[in-house]
Amino acid sequence: MSDMNGLNDKQGEAVQCTEGPVLLLAGAGSGKTRVLTHRIAYLIDQGINPYHILAITFTNKAAGEMRDRVDQIVSYGAESVWVSTFHALCVRILRRYIDRLEYENNFTIYDSDDQKAVIKTCLKKLNMDPKQYPERMMMAEISKAKERFVSPQEYDREASGQFRKMQVAKVYNEYQQRLKQNNALDFDDLLYKTVELFQFHPDVLEQYQERFQYIMVDEYQDTNHIQFLLIKQLAAKYRNLCVVGDDDQSIYKFRGANIYNILNFEEEYPEAKVIKLEQNYRSTANILKAANGVIANNEGRKEKALWTKAEEGDKVHFSLYDTEYQEAEGVVKEISRQHKNENRAYNYFAILYRTNAQSRIFEEKLLMHNIPYKIIGGQNFYGRREVKDMICYLKVIENGMDDMSVRRVVNVPKRGIGATSIDKMQAYADTYEMSLLDAMFEASNVPGLNRAAAKVESFTNLILDFRDMLKEGVFLSELYDAVLEKTGYWDELLAEKTDEAEARMENLTELKNKIVKYEQEAEHPDLAGLLEEIALVAEVDNVEESEEKVLLMTLHSAKGLEFPCVFLGGMEDRLFPSGMALNSDDPDAIEEERRLCYVGITRAREQLYLSAARQRMMHGRTDYNPVSRFVKEIPKDVITMNGNGSFAVRRQEQAAHEARESLNRKSASVTGKPYSFGNTGGKPAFGKEFKVERLQIDYGVGDRVRHVKFGEGTVTELVSGGKDYEVTVEFDKVGVKRMFASFAKLKKL
DNA sequence: AGCTGGGCAATGTGG
DNA sequence: TTGCCCAGCT
Ligand SMILES: Nc1ncnc2c1ncn2[C@@H]1O[C@H](COP(=O)(O)OP(=O)(O)OP(=O)(O)O)[C@@H](O)[C@H]1O
C-alpha cells in the first residue's frame with residue numbers, strides 16, 4: 001500500500017506524477033526530500049521494478065537515509081534502488097566500463113592535493129613559473145573546462161591567440177596525459193569520463209538508460225553543466241526525470257554549479273510538469289519570516305511565498321560581542337544554560353559559520369565548558385600527512401601505475417632514495433614507456449643507480465610482499481598493520497617521543513578504525529572499494545545525529561540538514577558576506593552569500609541565535625567589521641537584540657551619524673573614557689548599557705597622523721562603531737590600515 | 001641526501 | 001598566523 005499519509009495535497013501530487021519530466025521547485029523545509037522518498041516508495045508500489053529507479057542525492061549520508069526511509073515504507077525492493085551521489089554513481093559505472101576509454105578499471109581517484117602535486121610537476125616540465133601561473137588558478141581553470149565538458153584539445157582551439165589561455169591549455173593537456181599515465185582520475189574526471197563513455201559508446205549508454213527508467217535528482221539547483229549533461233544522457237530515452245530543488249538555495253557556484261539548470265528546466269523539457277511547494281514544515285513562523293525577509297533582497301529569483309501553520313515561536317536572537325572569544329563564550333554559555341535549565345540534549349544544538357577557521361574558538365570554549373561536540377570539515381582527516389602517506393602506500397599496492405603516489409612514499413620513511421635516484425629511474429621509465437614502479441622493479445638495469453639500486457629493491461620487495469598478502473586474502477586492516485610495521489613508519493614515530501608524533505600515531509590508529517569499519521559494513525570489501533570510499537566520503541557523511549554532541553560546521557555543509565536550535569556566528573560584513581563577495585564586480589556574488597544566509601536561517605526549527613563580534617582576528621590581523629547587512633535585512637518585529645529591544649543595529653548607524661555630524665562641525669572634542677575591550681563577562685557589549693561613551697580624538701578625515709608602528713599617514717575615513725571610532729589611515733610606508741581609535745593611539749601632527 | 005631557518009605570501013565555501 | 005619554498009649548511 002502506498003502511503004500518502006504525512007503528505008499534503010501538493011506533495012501527494014508530486015509523488016504520484018511519475019511519468020515524464022517533473023520539476024519540483026520548492027522553498028526550504030517544504031518537504032522536497034520527503035517527497036522524493038515517498039515517490040520512490042510509490043513507484044515501487046505501482047509495480048515498477050526498484051532496479052529501474054535511480055535517485056541522486058547531494059551527500060552519501062542523504063543517500064543512505066533515503067534508502068532507509070524507503071525501506072520503512074515499502075515491504076521489499078528498497079535495497080535494489082540505486083541511491084547515490086553523482087560521484088559515486090560515476091565511479092560505479094566507470095569501474096565497469098572505463099576500459100573502453102583505455103584506462104584500467106582499477107583506476108585511482110586523485111583528491112585536490114594530488115591534483116595540485118600533478119599540476120606542479122606539469123608546470124616544472126613545461127618550464128612555467130608557478131608565480132606567474134599559480135597552481136590554484138590552473139586547477140580552477142582545468143576544473144572549469146572539465147565542468148563544461150571541454151577536452152584539452154578543444155580548450156586549445158578555444159584559446160587560439162590568447163597567450164595566457166594557451167599556456168593553460170598546455171598545462172591542461174600535460175596534466176590530463178599524466179593522469180592517464182598514472183591511471184588516475186580527478187573528481188571532475190569522474191563525471192567527464194562517464195559522459196565521454198556514454199557519448200562514444202552508445203551501447204553502454206543504452207544499457208544504463210534501460211536500467212534507469214525513473215530518475216530523480218535532489219538539490220538540483222547545485223548541479224553543474226556536466227552533471228546536467230549526464231542526466232540528459234541517461235534520461236533521454238524514457239524522459240521520466242524528476243528534479244527537485246530551490247533556486248534560493250544555490251550555494252555552490254564556486255565549484256561550477258549552474259542555477260540555470262533548474263531555472264531553465266522547462267526549456268530543456270518543454271513537456272515538464274512544474275509543481276511548487278510553499279508550505280514550510282520545519283521552522284517556526286518567526287524564523288521563516290526572518291528567512292523570507294533576507295532572501296527577498298535578491299533580485300531575479302522565482303518568487304515563492306513560503307508560509308507555515310506553525311506558531312510564531314521565539315524571536316530570532318541577535319547579539320553583538322566585542323571579540324570573537326566573547327562571541328564563542330556567549331554561545332557556549334547559552335548552550336550550557338539550556339542544557340542545564342531546560343534539559344536540552346547537546347545534539348539539540350548546531351553552531352554554523354561561514355568559514356572553517358571560525359570553528360577553532362568555539363571548540364576552545366566548548367572544551368573549557370566540558371561540552372561534547374563534533375566538528376564537521378575543516379582540516380580534512382585524510383589530508384593529514386601521515387594519513388596521506390599510508391593511503392598512498394595502499395594506492396601504490398592497488399595501482400602500480402600511480403607514479404605520483406609512488407614518488408610520495410618511496411622515501412617515506414627515509415630509505416636513502418633521493419631525488420637524483422628517482423630522476424634516473426624516471427628517465428629510464430620514460431625511455432621504455434613504463435611506469436615508475438615498473439622501472440624500479442628493474443632497478444639493477446637503470447644506469448647510474450649504483451648503491452641506491454639495492455635500496456630500491458628492498459622497497460619494491462615490500463610492495464610485492466603487500467600484494468602477496470592481498471592475494472592470500474588477508475583483511476585490509478591486517479594489510480594496513482603490515483604496511484605500518486614493515487615500512488618502519490610506526491617505529492619511526494614511536495622513536496620520536498614527541499607530542500606531535502603521538503598525535504600522528506593517534507590519527508593512524510583512527511585510520512585503522514575506519515578501515516575496520518569499512519570492512520565490517522561494505523558488502524564486498526576490497527582495497528579499491530576502500531580507497532574509493534576514502535576519496536568520495538564527504539565530511540558531512542560523518543554526522544551521527546543520535547550522538548549527544550553539539551555539531552559545528554560550515555553553512556555549506558549544513559545544507560539539507562535541520563536542527564532544533566541553530567547558532568549562526570560571525571555575522572559581520574567581510575566575513576559573511578565574505579570580503580571577496582563584497583569586492584566582486586559580479587552582483588550575484590553577494591546574492592549567493594545571501595542565499596547561504598537563507599540556507600543557514602532555514603536550518604533552524606525552533607530557535608535561532610545570530611551573533612557577531614566587533615573585533616576579530618583574521619589571517620593574523622585584527623579586523624573591525626560592521627554587523628552583517630543580512631542581520632539588518634531581518635524584519636525588525638521577529639528579531640531581538642539580546643532582549644534589549646531591536647535597535648542595536650540602528651544604534652550603530654545613529655552613532656555613526658552623530659560622529660559624522662560632530663566631525664563636520666570640527667568641534668571633535670568629545671569627552672568620555674576610552675572604550676574598553678576588557679569586557680570579561682562574555683555578555684554582549686551592547687546589552688549591558690546604552691550610555692555612549694565617546695573617545696576623545698583630535699583628528700579628522702584628511703589630517704596627518706602618526707602611529708607607533710606604522711609611521712605617518714593620512715586619515716581617509718572615520719566611522720563611529722558605537723562607542724569607539726573606526727579609523728582608516730593611508731600610511732606612507734605600509735599602506736591602508738583600519739583600526740580602532742582607542743587602540744591605535746594616533747597622534748595628530 | 002636531508003635538514004634548518006629565514007623570507008614571503010596568502011588567507012573561502014567541497015566532492 | 002600559518003604554511004610554503006628556497007638557499008645554504010651538515
Ligand atoms: N507533509 C508534511 N507533514 C509534516 N511534516 C512534514 C511534511 N513534509 C515535510 N515535513 C517535515 O518538514 C521538514 C523538512 O522536510 P524536508 O527536509 O523534506 O524539506 P526540504 O524541502 O528538502 O528542505 P530543504 O530544502 O530546506 O533542505 C522535515 O522535518 C520533514 O519531516
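Numbers restart at 1 for each chain; the letters A, B, ... are given by sequence-line order, proteins then strands.
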Select base, sugar-phosphate, or nothing to describe what [X] touches, counting heavy atoms under 4.0 Å on all strands.
{"X": "A/Phe86", "value": "nothing"}
{"X": "A/Ser557", "value": "sugar-phosphate"}
{"X": "A/Ser421", "value": "sugar-phosphate"}
{"X": "A/Thr355", "value": "sugar-phosphate"}

*Provide the full list of salt bridge (Lys or Arg N to Asp or Glu O under 4.0 Å) pairs with a residue in residues 419-428 of chain A, sequence neighbours left out, each pair given once.*
none
*For A/Tyr598, enumerate each residue passing the ring pair (Phe, Tyr, Trp, His ring centres under 6.0 Å) test, keeping only those at least two apart in sequence or located in another chain.*
none
*ring pair (Phe, Tyr, Trp, His ring centres under 6.0 Å) partners for A/Phe198, two or more places apart*: A/Tyr208
*Does the distance from a Lys or Arg side-chain N to an Asp or Glu carboxylate O, for A/Arg95 and A/Glu532, drop under 4.0 Å?*
yes
*Can you run down the side chain to side chain donor-acceptor pair (under 3.5 Å) pairs that involve residues 411-421 of chain A, sequence neighbours left out, and say none if there aren't any?*
A/Tyr393-A/Arg415
*Name all residues meeting the salt bridge (Lys or Arg N to Asp or Glu O under 4.0 Å) criterion together with A/Arg360; count only those two or more places apart in sequence or in a different chain, and write none if there are none.*
A/Glu364
*Residues in salt bridge (Lys or Arg N to Asp or Glu O under 4.0 Å) with A/Glu324, at least two apart?*
none
*Any residue meeting side chain to side chain donor-acceptor pair (under 3.5 Å) with A/Asp389, in chain and number order, not counting sequence neighbours*: A/Arg408, A/Tyr489
N/O to N/O distances under 3.5 Å, protein versus nucleotides 1-5 of chain C:
unit_1	atom_1	unit_2	atom_2	d
C/dC5	OP1	A/Lys120	NZ	2.9

_B/dT13 to C/dC4 separation - C1' atoms, rounded to the nearest Å_ = 23 Å
*Which comes earlier along DNA chain B counting from the 5' end, the contact point of A/Phe187 or that of A/Met618, where each point is its nearest nucleotide?*
A/Met618
*Between A/Glu592 and A/Asn411, name the one whose nearest nucleotide on DNA chain B is closer to the 5' end.*
A/Asn411
_For a 4.0 angstrom threshold against heavy atoms of chain A, report the outermost contacting nucleotides of DNA chain B in 5' to 3' order._
B/dA1 to B/dG15
